[in-house]
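Everything quoted here is computed from the prediction, not taken from an experiment. Throughout, a chain's letter reflects where its sequence line sits, starting with A, and its residues are numbered from 1.
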Amino acid sequence: MKTSPAPTTGRTLAQELLDWYDHHHRDLPWRISPPMAARGIRPEPYHIWLSEVMLQQTTVQAVKAYFAKFMTRWPTVDALAAAPSEDVMAAWAGLGYYARARNLKKCAEAVASLHGGRFPDTEDGLRSLPGIGDYTAAAVAAIAFNRPAAVMDGNVERVISRLFAIDAPLPGSKPAMKARVAELTPIDRPGDFAQAMMDLGATICTPKRPACALCPFRGDCRALDGDDPERFPVKAAKKEKPIRQGAAFVAVDMDGKVLLRRRVETGLLGGMTEVPTTAWNSRKDGETGPSAAPFFAEWQACGTVTHVFTHFELRLSIYRFHGPAPEGVAVHGWWEDVANLDAQALPTVMKKAISQAIPEAFPVNRG
DNA sequence: GAGCCGTGGAT
DNA sequence: TATCCAAGGCT
């Protein structure tokens with residue numbers, strides 16, 4: 001057991017990590033692996049940027065299919081900039097945090113029109129673009145442009161907080177932790193260092209049951225010295241989620257078309273497609289029943305759908321109608337063929353609501 | 001600075 | 001079942 005020490009010098013730690021990365025890095029569709037990099041292959045900034053935005057608060061597993069879809073449909077940032085917003089939103093549907101998709105489009109347009117289709121190659125330049133914050137600016141600068149930027153995400157926070165046994169709770173301790181990262185980041189291979197820290201956090205230095213025996217920092221880790229790595233990082237307590245309730249109305253006309261609407265551009269599910277719903281509030285369900293439907297008809301109750309958002313839980317009562325569409329009902333929306341619902345920008349909660357009323361709307365072809 | 005902003009997988 | 005939380009950004 002070490003008594004003092006100061007973990008070894010920053011350069012040594014970085015070297016230990018890079019050696020580990022050379023052997024244990026993950027192969028990812030947007031990544032240039034060390035052997036490829038050794039042959040002079042550089043990452044494509046567009047690919048790094050797109051993957052980083054998709055990966056914000058989102059798992060690698062979930063991102064892979066979306067990244068492939070975007071690569072096929074929009075191979076360049078110019079192609080993405082020229083795409084209709086509705087197409088981009090529909091392609092993003094299901095991935096969540098839809099402000100990312102709106103900003104993705106804005107960012108692509110800015111790069112295409114203001115920068116000639118090339119991403120800025122500095123942290124500050126990247127940081128000024130829509131949807132690119134501290135993390136993404138540093139990540140793209142380091143990975144795509146080999147800039148020695150201090151990259152800190154949730155993985156890095158975990159690794160650093162354990163390595164130095166930082167007791168101060170997040171997010172307050174973030175600046176101090178970033179300073180540590182900056183000290184450790186090597187001048188050569190800053191991009192690989194950043195990716196190595198994140199791979200380490202994702203595969204070895206995990207939130208639960210970290211595989212410390214396999215960690216390149218096992219001889220330097222203060223948390224491991226203390227015998228309880230899971231204690232880090234220390235985080236501020238989070239508050240509980242309120243429950244909101246509402247009703248959703250799935251209307252199907254005589255041609256088998258469903259009444260849809262587009263949500264306002266900002267806020268929750270901004271710019272996405274929905275079926276008509278009441279407001280989502282905390283009142284009792286009886287006050288938001290079929291009397292709030294988009295038109296008067298024999299609405300049939302068909303159960304409830306529960307969906308958990310980031311800061312509240314939603315309980316939606318679902319109502320179904322099948323019959324001739326009243327005149328003028330779709331002035332603020334449109335009737336969409338059930339067979340074409342997959343091409344719409346429907347967030348998951350809306351697919352759940354529609355599936356409750358029309359079980360065959362989204363055939364379960366998985367598994 | 002703290003609240004808002006999705007979703008699905010792991011434990 | 002409940003909880004956490006994943007390559008965060010914007011206001």
Side-chain angles (χ1 to χ4, degrees), chain A residues 25-26 28-31 47-67 89 92-104 106-107 126-144 149-159 169-172 174-175 178 181 191 193-203 205-210 230 233 235-242 244 263-272 274 280 306-314 345-352 366:
Chain A
H25 62 85
R26 290 178 292 176
L28 301 171
W30 46 86
R31 176 179 281 181
H47 298 178
I48 300 302
W49 163 74
L50 179 60
S51 67
E52 289 300 343
V53 173
M54 287 183 166
L55 285 162
Q56 290 167 7
Q57 297 290 288
T58 308
T59 58
V60 167
Q61 168 67 20
V63 164
K64 283 181 176 174
Y66 284 85
F67 181 79
M89 299 306 286
W92 194 277
L95 200 54
Y97 282 138
Y98 298 100
R100 292 186 295 173
R102 302 194 296 271
N103 285 328
L104 190 80
K106 291 181 191 168
C107 183
L126 290 158
R127 181 70 177 77
S128 68
L129 292 166
I132 298 184
D134 289 342
Y135 163 75
T136 304
V140 175
I143 298 169
V151 177
M152 194 170 71
D153 72 327
N155 288 304
V156 180
E157 287 174 359
R158 191 165 53 254
V159 172
L170 284 167
K174 210 169 169 178
K178 184 160 184 175
V181 177
F193 176 80
Q195 294 177 96
M197 288 286 278
M198 294 189 280
D199 277 19
L200 188 70
T203 65
C205 195
T206 50
K208 303 296 181 187
R209 296 173 56 102
E230 281 188 28
K235 293 188 177 181
K238 37 192 139 333
K239 69 176 207 179
E240 64 179 284
K241 296 182 182 188
R244 297 186 196 176
R263 293 175 64 86
V264 295
E265 281 300 310
T266 58
L268 186 71
L269 308 177
M272 298 297 285
E274 67 171 3
W280 302 342
T306 296
H307 190 77
V308 181
F309 290 96
T310 308
H311 56 296
F312 67 93
E313 176 180 322
L314 177 65
L346 289 164
T348 297
V349 61
M350 291 301 157
K351 289 189 175 182
K352 281 189 192 176
R366 304 160 181 77

Trainee: NA contact type, A:W30, heavy-atom cut-off 4.0 Å: base, sugar-phosphate, or nothing?
Mentor: base
Trainee: If you walk 5' to 3' along DNA chain B, what is the first nucleotide with an atom under 4.0 Å of a heavy atom in chain A, and what is the last?
Mentor: B:dC4 to B:dG8
Trainee: Looking only at atom P, what distance separates B:dG8 and C:dG9, rounded to whole Å?
Mentor: 22 Å
Trainee: What is the separation between atom OH on A:Y135 and atom P on C:dG8, rounded to the nearest whole Å?
Mentor: 6 Å
Trainee: Roughly how many Å is it from NZ in A:K178 to P in C:dG8, rounded to a whole number?
Mentor: 13 Å
Trainee: Which residue, A:L129 or A:T59, contacts DNA chain C at a nucleotide closer to its 5' end, judged by nearest heavy atom?
Mentor: A:T59
Trainee: Would you confirm whether A:R127, through its side chain, and A:A137, through its main-chain N or O, come within 3.5 Å as a donor-acceptor pair?
Mentor: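 Flag not set: sc A:R127 to bb A:A137 has no pair under 3.5 Å.
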Trainee: In whole Å, I'd like the distance from the CZ atom of A:F67 to the C1' atom of C:dA6.
Mentor: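 To the nearest whole Å, that distance equals 18 Å.
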Trainee: Have a look at A:V63 and say if it touches a base, only the backbone sugar-phosphate, or nothing, with a 4.0 Å heavy-atom cut-off.
Mentor: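 Contact class for A:V63: none.
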Trainee: Counting any heavy atom closer than 4.0 Å, what does A:A194 reach on the DNA or RNA strands: base, sugar-phosphate only, or nothing?
Mentor: nothing
Trainee: Within this structure, what is the CD-CZ distance for the pair A:E52 and A:R100, rounded to the nearest 0.5 Å?
Mentor: 11.5 Å
Trainee: Charged N to carboxylate O below 4.0 Å: is that the case for A:D199 and A:R31?
Mentor: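 Salt bridge between A:D199 and A:R31, a charged N being under 4.0 Å from a carboxylate O: yes.
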Trainee: Is A:E274 paired with A:R263 through a side-chain N to carboxylate O contact shorter than 4.0 Å?
Mentor: yes
Trainee: On DNA chain B, does the nearest nucleotide to A:L346 precede the nearest nucleotide to A:P171 from the 5' side, or the other way round? Give the residue.
Mentor: A:P171
Trainee: Is the ring centre of A:H311 less than 6.0 Å from the ring centre of A:F309?
Mentor: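 No, the ring of A:H311 stays outside the 6.0 Å limit from the ring of A:F309, centre to centre.
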Trainee: Would you say the side chains of A:Q56 and A:Y135 form a donor-acceptor pair under 3.5 Å?
Mentor: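 A:Y135 and A:Q56 do not have a side-chain donor-acceptor pair below 3.5 Å.
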Trainee: Using a 4.5 Å cut-off on heavy atoms from C-beta on, say whether the side chain of A:K178 contacts that of A:V156.
Mentor: no
Trainee: OP1 or OP2 of C:dG8 sitting under 4.0 Å from any side-chain N/O of A:Q57?
Mentor: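 For A:Q57, the contact criterion (side-chain N or O under 4.0 Å from OP1 or OP2 of C:dG8) is met.
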Trainee: When rounded to the nearest Å, what value does the distance between P atoms of B:dG6 and C:dT3 take?
Mentor: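 It comes out at 22 Å once rounded to the nearest Å.
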Trainee: Let me confirm one number: the CD1-NZ distance from A:I132 to A:K106, rounded to the nearest 0.5 Å.
Mentor: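 Taking CD1 in A:I132 and NZ in A:K106, the distance rounds to 13.5 Å.
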Trainee: Mind checking if A:L269 touches a base, just sugar-phosphate, or nothing, with heavy atoms under 4.0 Å?
Mentor: sugar-phosphate
Trainee: Using a cut-off of 4.0 Å on non-hydrogen atoms, how would the nucleic acid contact of A:I143 be classed: base, sugar-phosphate, or nothing?
Mentor: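 Counting heavy atoms under 4.0 Å across all strands, no contact is made by A:I143.
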Trainee: Could you tell me the separation between the CZ atom of A:R26 and the P atom of C:dA7, rounded to a whole number of Å?
Mentor: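 Computing the A:R26:CZ to C:dA7:P distance gives 7 Å.
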Trainee: What pairs of nitrogen or oxygen atoms, one from the protein and one from nucleotides 2-5 of chain C, lie under 3.5 Å apart?
Mentor:
none

Trainee: So, OP1 or OP2 of C:dG9: does either fall under 4.0 Å of a side-chain N or O from A:T136?
Mentor: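 So the side-chain polar atoms of A:T136 do come within 4.0 Å of the phosphate oxygens OP1 or OP2 of C:dG9, strictly under.
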Trainee: Could you check whether any side-chain N or O of A:R102 sits under 3.5 Å from a backbone N or O of A:G270, counting only pairs where one atom can act as donor and the other as acceptor?
Mentor: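 Yes; at least one donor-acceptor contact below 3.5 Å.
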Trainee: Measure CG/A:L104 against P/C:dG9 and give the value in whole Å, please.
Mentor: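 Spelled out: CG on A:L104 to P on C:dG9 is 13 Å.
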Trainee: Distance check needed: C:dG8 P versus A:Y98 OH, whole Å only.
Mentor: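 Those two atoms, OH and P, are 17 Å apart.
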Trainee: Provide the distance between the two P atoms, one in B:dC5 and one in C:dA7, to the nearest whole Å.
Mentor: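 The same atom, P, in both gives a distance of 23 Å.
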Trainee: Heavy-atom nearest nucleotide on DNA chain B for A:G172 versus A:H307: which residue maps closer to 5'?
Mentor: A:G172
Trainee: To the nearest 0.5 Å, what is the distance between OG1 on A:T206 and CG on A:N155?
Mentor: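 The CG atom of A:N155 is 10.0 Å from OG1 of A:T206, to the nearest 0.5 Å.
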Trainee: As an exercise, state the distance from NZ of A:K174 to CG of A:D134, rounded to the nearest 0.5 Å.
Mentor: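 Atom-to-atom, A:K174:NZ and A:D134:CG are 7.0 Å apart.
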Trainee: Separation of A:Q61 atom CD from C:dA7 atom P, in whole Å?
Mentor: 13 Å
Trainee: When we call it a touch if two heavy atoms are under 4.0 Å apart, what does A:G270 touch: a base, just sugar-phosphate, or nothing?
Mentor: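 No contact.
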Trainee: Have a look at A:T58 and say if it touches a base, only the backbone sugar-phosphate, or nothing, with a 4.0 Å heavy-atom cut-off.
Mentor: base
Trainee: CE of A:M152 versus C1' of C:dA6: gap in Å, rounded?
Mentor: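 Nearest whole value for this atom pair: 16 Å.
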Trainee: When all nucleic acid strands are considered with a 4.0 Å heavy-atom cut-off, which category describes A:V308: base, sugar-phosphate, or nothing?
Mentor: base
